[in-house]
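Working notes for the structure below.
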Amino acid sequence: MQVVTAPDLPPPAGHYAHAVRASGLLFISGLLGVRPEEPEDRLLGAGAQAAAVLRRLDRVLATAGLEGHHVARLGVYVTDVAHWAPVNAACAAFFGPHRPARTILTCPGLHHASLVEIDAVAAFPEPSP
């Protein structure tokens with residue numbers, strides 16, 4: 001296994017890595033829509049928070065040499081089912097025609113009063129024969 005740390009993101013605040021590469025997959029830890037060092041993030045709506053999370057996801061992917069179309073699975077956590085439509089729109093804008101498998105769950109409270117948290121699993125391209 002190999003730990004992947006995105007150099008342009010703040011280091012994880014807890015006992016976890018930004019991502020871990022194992023067996024041809026990249027497991028990306030949950031990324032929040034609110035950054036504790038940026039209190040104005042709490043003023044953003046769910047769609048804007050989701051777009052910000054997906055930009056941070058893109059930075060983790062890029063650190064590992066991957067792109068959005070390598071994402072196989074997305075886990076999305078929102079504080080209210082009303083956030084589904086704006087989060088879905090942010091995902092559509094980020095992924096374009098690529099459609100990863102996805103779960104979206106409603107959670108009563110996310111860390112730092114975030115409205116959105118997203119984790120992902122991406123696959124490294126298989127070598128050509």
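Numbers for residues simply follow the sequence, beginning at 1. Keep in mind that what you see is a predicted model, and the values were worked out from it rather than measured.
- A continuous path of Ile, Leu, Val, Met, Phe, Trp and Tyr side chains, each step under 4.5 Å between heavy atoms, connects V53 with W84, placing both in one hydrophobic cluster.
- Note that CG of L25 is 12.0 Å distant from CZ of R73, once rounded to the nearest 0.5 Å.
- For the side chain to side chain contact (heavy atoms under 4.5 Å, CB included) with H18, the lone residue among P12, P7, S29 that qualifies is P12.
- Listed here is the closest heavy atom pair of A123 and L66: O-CD2, 4.1 Å.
- Considering every non-hydrogen atom in both A17 and V3, the closest pair reads CB-CG1, 3.6 Å.
- Closest approach of A90 to A51, counting heavy atoms only: CB-N, 3.9 Å.
- Partner Y77 forms a side-chain hydrogen bond (donor to acceptor under 3.5 Å, both in side chains) with one of T106, D119, T103 and no other, that one being D119.
- At least one donor-acceptor pair closer than 3.5 Å links the side chain of H98 to the backbone N or O of V71.
- R99 CZ: 12 or fewer foreign heavy atoms inside a 6.0 Å radius.
- Of all the heavy atoms in V116 and S114, the pair that sits closest is O-OG, 2.7 Å.
- Distance CG/L32 to CG/L115: 10.5 Å, rounded to 0.5 Å.
- Heavy-atom minimum distance, V4 versus V60: CG1-O, 4.4 Å.
- Taking every heavy atom of both residues into account, A50 and V87 meet most closely at CB-CG2, 4.0 Å.
- I118 pairs in a side chain to side chain contact (heavy atoms under 4.5 Å, CB included) with only one of the listed residues (L74, I104, V78), which is L74.
- Atoms CZ and CG, from F94 and D58 in turn, are 4.5 Å apart once rounded to the nearest 0.5 Å.
- Of the inter-residue distances, the one linking E117 atom CD with L105 atom CG reads 11.0 Å to the nearest 0.5 angstrom.
- How far CG of L9 is from CZ of R59: 4.5 Å, rounded to the nearest 0.5 Å.
- Taking CD1 of I28 as the reference point, atom CG of L57 lies at 5.0 Å (rounded to 0.5 Å).
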